[in-house]
Amino acid sequence: MSDVQIYEGALDRGLEGVVACSTAISTIAGSTLLYRGYTIEDLAAHATFEEVVFLLWFGRLPGAEELARFQRQLDEAMPLPPQSFGWFHGLPTAVHPMDFLHAVVAGLSLHDPDSNVLTWDANIRKAVRLTARLSTIVAAYDRVRNGQWPLQPLPGRSLAWNFLYMLQGKEPSARRVRQLDTCLILHADHELNASAFSARVTSSTLSGLYSSVMAAIGTLKGELHGGANEQVMRMLLEVGSPKRLESYLDEALAARRKVMGFGHRVYKDGDPRAAILKRMSAELTAETGRPELYEMSAAMEEYMHERKGLIPNVDFYSATVYYSMDIPIDLFTPVFAASRVSGWCAHVLEQYQSNRIYRPRGRYVGPTDQRYVPIEERSGEGAASPAR
Ligand code: COA
């Protein structure tokens, strides 16, 4: 027996209930979501995405001139820099769009003179570029993979307007722009969610904003986080008819498969973003002549609650909302990223105000008394399964 002392701290799998930092950006209280003290319902009804980004980064709503100046900065940053034209078109597009986004952000970091400068001003300049450009990248990706030339954003328009314009190649209606703007507001931040936490962990090593956003993009991609919205839509299309709904869900639950778009680590009684998106889904699916998609979603919500007590999260109704806006299904998570990048930037900015490296402990459950055996004295092959 070895006399190694194993650290015996309390184990909290998934860090449930662990408070890892102080934050003034956003919080969840019961079924209320606040950004800087404003309810999500208030912001979704009255604000623009650009105002919300300003609020998240600077802690207050902007005045009219400030907002106009901020909007101009985003406008100027929205086109991709000319140095990227050479390599952008050479990237493979038959890949997951989140991987493409990740690669392009890495590429952009190489062209940004502020890339490794960590001052507040340099971080704001990078936050502006990243927030302005993620939607440009997503739209350009879709056009390039369809053999089309990417469109340049038009100045003086909102990020939501330009995204729809660059993606769909025509001027969007004011109503559609407002609907997308509301989605962007709803997705902008969410306390210490997995991708914001990733961004904070990466920034805490003083690695910089690009690295942090890249870590966050990788984290958001997974279907237990932002990748769920894409899977929700695929599931609804696979189910196809309300008649098949219960048998589909019974089968999934019996096989202990996660039903995408349901459940949440923090919300237990309802996600306020889902309530807003549910109304939008009803409206949009009716407008686009596919009301059965909403009806099926609502029936699924009821059944999941009855069977498992699970509530729909932000990804559930956003799927039919984006689908009704003619956004390709595999771009749902990148659209989420194009909004959430603002929250990631807010978290990195805040992290740098009072940084301490994140370095938790692991509970060691491996052996402690091994001795090195020269290779010629080792017997046989080990098992192919992971060590336990
Ligand atoms: N479908 C079926 N069962 C679910 C479920 C879902 N979507 N979400 C949770 N459950 C079940 C779990 O199987 C578990 O059951 P058990 O206690 O019998 O094992 C119980 O509810 C607790 O779930 P758990 O996975 O431990 O919760 P978590 O806090 O670790 O995970 C999520 C939270 C969001 C990752 C989880 O609910 C999930 O995987 N949802 C689907 C993916 C999704 O929509 N993600 C977007 C999140 S915004």
### ILVMFWY network linking Tyr352 to Trp120, side-chain heavy atoms under 4.5 angstrom
yes
### Query
Can Arg60 and Glu66 be said to form a salt bridge (charged side-chain N to carboxylate O under 4.0 Å, His left out), step by step?
CA-CA 11 Å; Arg60 61 178 176 81; Glu66 266 175 332; 2.5 Å; yes
#### Entry: Separation of Met235 CE from Ser297 OG (nearest 0.5 Å)
8.0 Å
### Query
Parallel, tilted or perpendicular for Tyr294 and Tyr317, by the 30°/60° rule?
tilted
### Message
Please determine whether salt bridge (charged side-chain N to carboxylate O under 4.0 Å, His left out) holds for the pair Arg175 and Glu287, giving the CA-CA distance in whole Å, both sets of side-chain angles, and the decisive distance to 0.1 Å.
### Response
CA-CA 12 Å; Arg175 185 172 162 73; Glu287 252 173 51; 2.3 Å; yes
#### Entry: Single-linkage hydrophobic cluster Leu164~Val144, side-chain heavy atoms < 4.5 angstrom
yes
### Summary
Here the pair of heavy atoms bringing Arg36 nearest to Gly59 is NE-CA, 3.4 Å
### Message
When you compare the side chains of Gln179 and Arg176, does any donor N or O come within less than 3.5 Å of an acceptor on the partner?
### Response
yes
### Query
Taking everything shown except Asp269 itself, do over 12 heavy atoms lie less than 6.0 Å from its CG?
no
### Query
Is Tyr141 close to Val138 at the side-chain level, that is, under 4.5 Å between some pair of heavy atoms?
no
### Task
Kindly work out whether a path of hydrophobic side-chain contacts (I/L/V/M/F/W/Y, heavy atoms less than 4.5 Å apart) joins Leu110 to Leu130.
no
### Short N-O contact, Asp75 and Arg72, less than 4.0 angstrom
no
### Query
For Phe197, what are the other residues in its hydrophobic cluster, where any two members join if their side-chain heavy atoms are less than 4.5 angstrom apart?
Leu15, Val18, Leu192, Val201, Tyr358
### Arg143 NZ/CZ over Tyr165 ring centroid, <6.0 Å and within 45° of normal
no
### Straight-line distance of Ser135 OG to Met78 CE, nearest 0.5 Å
6.0 Å
### Message
As a quick check of understanding, evaluate salt bridge (charged side-chain N to carboxylate O under 4.0 Å, His left out) for Glu283 and Arg279, giving each step before the final call.
### Response
CA-CA 6 Å; Glu283 252 173 59; Arg279 290 194 292 275; over 6 Å; no
## Note on the structure
When rounded to the nearest 0.5 Å, the distance separating OG of Ser26 from CG of Leu55 is 10.0 Å
### Query
Between Phe70 and Trp57, is a ring-ring contact (aromatic ring centres under 6.0 Å, His included) present by the stated rule, with each step listed?
CA-CA 12 Å; Phe70 188 56; Trp57 295 355; 5.6 Å; yes
### Query
Hey, does the side chain of His187 reach the backbone of Arg340 with a donor-acceptor pair shorter than 3.5 angstrom?
no
### Task
Identify the two heavy atoms, one from Ala228 and one from Gly261, that lie closest to each other, and give their separation to 0.1 Å.
CB-N, 4.2 Å
### Query
Is it the case that Trp87 and His111 place a side-chain donor and acceptor less than 3.5 Å from each other?
yes
### Message
Between Lys126 and Asp114, does any NZ, NE, NH1 or NH2 come within less than 4.0 Å of an OD or OE carboxylate oxygen?
### Response
no
### Atom pair CG/CD of Leu249 and Glu306 - distance to nearest 0.5 Å
11.0 Å
### Query
Without hydrogens or angle criteria, can the side chains of Tyr303 and Asp250 be said to hold a donor-acceptor pair below 3.5 Å?
yes
### Query
Between Asp315 and Arg273, is the closest basic N to carboxylate O distance under 4.0 Å?
no
### Query
Can you list the steps and then say if Phe316 with Phe262 is a ring-ring contact (aromatic ring centres under 6.0 Å, His included)?
CA-CA 7 Å; Phe316 188 64; Phe262 285 93; 4.6 Å; yes
### Query
Are any side-chain N or O atoms of Arg244 and backbone N or O atoms of Val239, one a donor and one an acceptor, separated by less than 3.5 Å?
yes
### Task
Verify the cluster assignment for Met166 and Phe85: are they in a single hydrophobic cluster under the rule of side-chain heavy atoms below 4.5 Å apart?
yes
#### Entry: Rounded distance [0.5 Å steps], CD1 in Ile185 versus OG1 in Thr48
6.5 Å
### Query
When you measure from the side chain of Asp121 to the backbone N and O of Thr119, does any donor-acceptor pair fall under 3.5 Å?
no
### For Met296, the option from Leu245, Leu237, Thr320 that meets side-chain contact (heavy atoms from CB on, under 4.5 Å)
Leu245
### Query
In the hydrophobic cluster built from side-chain contacts under 4.5 Å, what are the other members alongside Leu67?
none
### Query
Between Ser31 and Gly270, what is the shortest heavy-atom contact and its length?
OG-O, 3.0 Å
### Message
Between Phe49 and Phe163, does the ring-ring contact (aromatic ring centres under 6.0 Å, His included) criterion hold? Intermediate values first, please.
### Response
CA-CA 13 Å; Phe49 177 62; Phe163 175 68; over 10 Å; no
### Query
For the atom pair CZ (Phe332) and OH (Tyr322), what is the distance rounded to the nearest 0.5 Å?
9.0 Å
### Query
Does Leu151 share a hydrophobic cluster with Trp149, counting links as ILVMFWY side-chain heavy atoms below 4.5 Å and allowing steps through other members?
no
### Query
Looking only at heavy atoms, which two atoms of Ala319 and Val232 are closest? And how far apart?
CB-CG1, 3.6 Å
### Query
Taking C-beta and beyond as the side chain, do Asp181 and Glu51 meet within less than 4.5 Å on heavy atoms?
no
### Task
Report yes or no: do Ser195 and Thr219 form a side-chain donor-acceptor pair below 3.5 Å?
no
### Query
When Asp142 is tested against each of Leu167, Ile327, Ile137 for side-chain contact (heavy atoms from CB on, under 4.5 Å), which residue passes?
Leu167
### By side-chain contact (heavy atoms from CB on, under 4.5 Å) - contacts of Glu350 (at least two apart)
Thr23, Ala24, Ile25, Arg200
### Task
Indicate the atoms forming the closest heavy-atom contact of Val348 with Ser203, along with that distance.
CG1-CB, 3.7 Å
### Message
Under a 3.5 Å threshold, yes or no: a donor from one side chain and an acceptor from the other, between Asp189 and Ser342?
### Response
no
### Query
Where do Arg133 and Asp112 land on the salt bridge (charged side-chain N to carboxylate O under 4.0 Å, His left out) test, with the steps shown first?
CA-CA 13 Å; Arg133 284 181 188 158; Asp112 194 324; 5.3 Å; no
### Pairwise side-chain hydrogen bond (donor to acceptor under 3.5 Å, both in side chains) hits with a residue in residues 252-268, at least two apart
His190-Tyr267
### Task
Step through the shown structure and confirm whether more than 12 heavy atoms of other residues, nucleotides or ligands are within 6.0 Å of CD on Gln353.
yes
### Task
Using the test side chain to side chain donor-acceptor pair (under 3.5 Å), find all partners of Asn313 that sit at least two apart in sequence or belong to another chain.
none
### Query
Is Asp369 close to Pro367 at the side-chain level, that is, under 4.5 Å between some pair of heavy atoms?
yes
### Heavy-atom closest contact (Ser84 atom, Leu80 atom, distance)
OG-CB, 3.6 Å
#### Entry: Remaining members of the apolar cluster that contains Val117, side-chain heavy atoms under 4.5 Å
none
